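Down below is the structure, laid out as structure tokens.
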Protein chains: 2
Amino acid sequence: MKTAALPDEDPIDVSTQSIRDSIRDAIVDRRLAPGTKLSETDVGALFNVSRTLVRGALQALSYEGLVNVEKNRGAFVAYPSPEEARQIFATRRMIEPGILREAAKHMGPSHFQHLRQLLMEEGRLMGERGQTARRAEIKASGDFHLMLASMTGNAVMQRFMDELVARSSLVIALYGQSAISSCGHQEHQDIVTAIERKDLDHACHLMVHHIDHIEADLDMRENKGSDLREAFKL
Amino acid sequence: MKTAALPDEDPIDVSTQSIRDSIRDAIVDRRLAPGTKLSETDVGALFNVSRTLVRGALQALSYEGLVNVEKNRGAFVAYPSPEEARQIFATRRMIEPGILREAAKHMGPSHFQHLRQLLMEEGRLMGERGQTARRAEIKASGDFHLMLASMTGNAVMQRFMDELVARSSLVIALYGQSAISSCGHQEHQDIVTAIERKDLDHACHLMVHHIDHIEADLDMRENKGSDLREAFKL
DNA sequence: AGCCAACAGATCGTATACAATTTAACCACG
DNA sequence: CGTGGTTAAATTGTATACGATCTGTTGGCT
């Protein structure tokens, strides 16, 4: 089977970084399905670079948990197991309250402005129909959590959240079922309101339950078809 | 200047992974000083591998924040700025309380056994003298936080903590001054006691202050000699 | 026909080769 | 004697080459 199509940008100046970003965007945007094989040769051909750079990009993505590289077999878009998915959300429950409290310390009126603006956009997308709008909605939903993280002014933490949100997106792509975060949008608003009211305890409470709700909306039964190899012990 | 000496293990079967681990151990153990250049050729010669594998290892370490790779200039043992150091500890304050609460849910008598055992070892090292004992003491101090993280049973979170502890170790190597965690050891014990007593609120409180104390023991004045290049914008 | 073995094609792992950039040395010149 | 510019060495960036491993197929054997 050939590797699924990637966006064929005009190859003016491509580096490891840009390849990595392109592939990651494609994964997070669900244009690359979980489990898809990412052949070094094919990807290299698409970007007009050698396997060397492709390998670098794939290795980096494997650190981020978006790609699995199996020795002598190649790289595949990550196919997170239910257990892995649970750990990702458990991790978010452990750190996002901390982020929220820290962000609140740094937030001024302009920050609330930005958040409200993001929520507006999110609400607008919920009204629309179609695959594209759906993708944008999921992305916006993640952006809310990322924006909160950015308001801590902490680059280390922000990178952790980048990774967690990206992997969450993969999990939702795999196991998500309903009209997704229809409720999530309202919960985002409630969280912002609580922060604005300086009621951080309540805001954290809402945040944890919000993450619970996202996870509860997943149907994580095993064997959506792939892990056979792992099912029988490597 | 030649690259500083690395442990010359008998080169039976070396892979990217083992190179990465060796270099990381050397950095965390302070056998490689911050700012040291890691020449691809030299490192490759030490391990009897080609630059290809070395580059992979260095790239991985750069993702972990232990190495900085500057384009066309090479890789250097990370030299965290005071700001970066603050962010690392701020991140730990944000997530370690969450870890503590989650770990507490999973802890049985045997887990407390393990923790107490680690604390014993830590106390023993405090009594000894010499560089080696000092190194072991710092390592044991980090291991306490790592063991707590491992008790969450969450591999994602554990990886985050691995990174944070390793980078903290670098920061302490750079900016640490006093007899270090002499007090830290007692604080570790107090934290375990509080957890055992099911007083998680207090345990979290102790944990946050413990991290505060570690950070307060640093002397983070700028310009320990290197950042000239960065001081003048790239 | 069914099954196992040998083979061929494809893909990955590692090393080497060459181009681009930086760093250091050297020498002319003020 | 210090300064600036040109050149050579060293180092990194990228591509290619070759060996190893895996996968799928074919052909012979029972």
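Since this is a predicted model, take the numbers as computed values, not measurements. Just so it is clear: chains get the letters A, B, ... in the order the sequence lines come, proteins before strands, and each one is counted from 1.
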Q. Side chain to side chain donor-acceptor pair (under 3.5 Å) between A:Gln87 and A:Glu83: does it pass, once the steps are laid out?
A. CA-CA 6 Å; A:Gln87 292 187 3; A:Glu83 172 59 19; 2.9 Å; yes
**Q.** Full working for salt bridge (charged side-chain N to carboxylate O under 4.0 Å, His left out) between B:Arg55 and B:Glu40
**A.** CA-CA 7 Å; B:Arg55 278 180 75 84; B:Glu40 297 178 356; 2.8 Å; yes
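In this structure, CZ of B:Arg73 is placed 10 Å from P of C:dT22, rounded to the nearest angstrom. When rounded to the nearest whole Å, the span between CG of A:Leu38 and C1' of C:dC12 equals 14 Å. Atom CG in A:Asp42 sits about 8 Å away from atom P in C:dC12, given to the nearest Å. Taking atom CD on B:Glu70 and atom C1' on C:dT23, their separation rounds to 14 Å, with Å as the unit.
No option in A:Asn154, A:Leu146, A:Thr152 other than A:Leu146 meets the side chain to side chain contact (heavy atoms under 4.5 Å, CB included) test with A:Met161.
You'll find a donor-acceptor pair under 3.5 Å spanning the side chain of B:Arg51 and the base of D:dG13, going by distance alone.
Against DNA chain C, the stretch residues 52-66 of chain A makes heavy-atom approaches under 4.0 Å through A:Arg55.
Counting only heavy atoms from C-beta outward, the side chains of A:Ile99 and A:Phe160 never approach each other to under 4.5 Å.
Not less than 6.0 angstrom separates the ring centroid of A:His106 from the ring centroid of A:His111.
For B:Ser50, whose side chain is taken as the heavy atoms from C-beta onward, the closest listed nucleotide among C:dA15, C:dT22, D:dT12 is C:dA15. Of all nucleotides listed (D:dG13, C:dT22, C:dG13), C:dG13 comes nearest to the side chain of A:Glu40. Nearest nucleotide to the side chain of B:Val49, out of C:dC12, C:dA15, D:dT12: C:dA15.
Both A:Asn72 and B:Lys71 lie close to DNA chain D; mapped to their nearest nucleotides by heavy-atom distance, the more 5′-ward contact belongs to B:Lys71.
Of all heavy-atom pairs spanning A:Asn68 and A:Ala78, the tightest one is ND2-CA, 4.1 Å.
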